[in-house]
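To start, the structure under review is shown below, and the notes come after it.
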Amino acid sequence: MLSQVALARAFASLHVSGSPLVLPNAWDVASARVVAAAGAAAVATTSAGVAWAHGSADGNRLARPDALAAVAAIVRAVEAPVSADIENGLGGPAEEVAQTVTAVLEAGAVGVNIEDSMRPVAEQVTRLAAARAAAEDAGVPLFVNARIDTHRLGGVGSLAWFDETLDRALAYAEAGASGIFVLGALQADVVRALVAASPVPVNVAFGPGTLSVGELAAAGAHRISAGSSIAEAAYSLVGEMAATMLGDASAAPGPAPTLGWSALNALAE
């Protein structure tokens, strides 16, 4: 079994422009094992999925102990490197972000996502620097993925959007971020421009409305994440099947699922 430091280095090495790390995000042990069994080189969590599985809303509302316990359980369940979506750092001040990062490393993860929620750049720089310092103190080359929330501004892909996104990317890289994560349905020319301008790997989103994995890879992305879209699809299927059973007495069972009882039970052993 690889050491945590070796896993961290292996995880970082997977961020290759044009041959990106593809992450179908998981939210519990079962989904993490399914993702790993499908061939994922690493497992990343979705904070939304983790929150929903705990009966909490997304958006920095899940209690830190619950979020950290989910990370630890997933790390124990898979051999692949694990990256944890820790939202805003599961805390406001920089010292709380550092505490979260220390706990995530103690759980065995080798990467984190930290969103900026459009905080002032200087404030987020301090928080990312605290995360990097905590990782250095632990002796682990943690991959700090700095999420840039400029999608909240609207006009994704516009010149104003790009300038603000790049300004934040440069500042965050200087503060110790290993990569940046940009949300939105980005077109290929925008991905190419971000990759060309960013000093660190670029993570983009995959889901409804985005380009395909192949198109995003061809545009130069280093990492492609599903975010909450798989969890959304899973819970949507639950809702659809429940509504059919409860609302239509003549409804017949659908086709057998791709992963049935035997397959899922085998993954749990």
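Only heavy atoms go into these numbers, but all of them, side chains included; no hydrogens, no water, no symmetry mates.
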Answer yes or no: is there a side-chain heavy-atom contact under 4.5 Å between [X] and [Y]?
X	Y	value
D167	V121	no
I114	Q124	yes
W52	W27	no
S178	R132	yes
V71	V50	no
S83	F143	no
R61	H54	no
Y172	V125	yes

- Query: Taking everything shown except E174 itself, do over 12 heavy atoms lie less than 6.0 Å from its CD?
  - Reply: no
- Query: Just wondering, more than 12 heavy atoms not from E123 lying within 6.0 Å of its CD?
  - Reply: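 Yes, enclosed.
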- The single option from R147, R152, R168, R127 passing salt bridge (Lys or Arg N to Asp or Glu O under 4.0 Å) against D116: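 Of the listed residues R147, R152, R168, R127, the salt bridge (Lys or Arg N to Asp or Glu O under 4.0 Å) partner of D116 is R168.
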Show which side-chain atoms of residues 238-253 pair as donor or acceptor with protein atoms under 3.5 Å away, not counting sequence neighbours.
from, atom 1, to, atom 2, distance (Å)
T244, OG1, E240, O, 2.9
D248, OD1, S250, N, 3.0
D248, OD1, S250, OG, 2.7

- When rounded to the nearest 0.5 angstrom, what distance separates CG in N113 from CG in N88?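 Nearest 0.5 Å value for the CG-CG distance: 12.5 Å.
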- Roughly how far, to the nearest 0.5 Å, is the CD1 atom of I180 from the CD1 atom of I148? 4.5 Å
- With sequence neighbours left out, write down each residue that passes ring-ring contact (aromatic ring centres under 6.0 Å, His included) with F206, or none if nothing qualifies.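 By the ring-ring contact (aromatic ring centres under 6.0 Å, His included) rule, F206 matches no residue at all.
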- Kindly write out the residues that satisfy ring-ring contact (aromatic ring centres under 6.0 Å, His included) with H222, not counting sequence neighbours, or none if the list is empty. none
State, to 0.1 Å, how close [X] and [Y] come at their nearest heavy-atom pair, and which atoms those are.
X	Y	result
A32	I74	CB-CG2, 3.7 Å
A41	L14	CB-CD1, 3.8 Å
A231	G49	CB-CA, 4.1 Å
G111	V104	O-CG1, 4.5 Å
N60	E115	ND2-OE2, 3.6 Å
R9	P141	CG-CG, 4.1 Å

Tell me whether [Y] is reachable from [X] by hopping between hydrophobic residues (I, L, V, M, F, W, Y) whose side-chain heavy atoms are closer than 4.5 Å.
X	Y	answer
V204	V213	yes
V140	L68	yes
L170	F162	yes
V97	L142	yes
L128	I86	yes

I'd like to know if the side chain of [X] and the backbone of [Y] have a donor-acceptor N/O pair within less than 3.5 Å.
X	Y	answer
T45	A84	no
E87	G59	yes
R64	G89	no

- Residues which pass side-chain contact (heavy atoms from CB on, under 4.5 Å) with A73, listed by chain and number, not counting sequence neighbours: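 Applying side-chain contact (heavy atoms from CB on, under 4.5 Å) to A73 gives V29, R76.
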- Message: Apply the hydrophobic cluster definition, ILVMFWY joined by side-chain contacts under 4.5 Å directly or through others, and give me every member besides V34.
- Response: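 So far as hydrophobic clustering goes, V34 is joined with L259, L264, L267.
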Does the side chain of [X] pick up a donor-acceptor pair with the side chain of [Y] at under 3.5 Å?
X	Y	answer
S47	D85	yes
S262	N265	no
W161	T150	yes

Quiz: residues 182-203 side-chain donor-acceptor pairs under 3.5 angstrom, not counting sequence neighbours:
from, atom 1, to, atom 2, distance (Å)
S198, OG, V200, N, 3.2
S198, OG, V200, O, 2.7
N203, OD1, N145, ND2, 2.9
N203, OD1, R223, NE, 3.2
N203, OD1, S225, OG, 3.3
N203, ND2, R223, O, 3.1
N203, ND2, S225, OG, 3.1

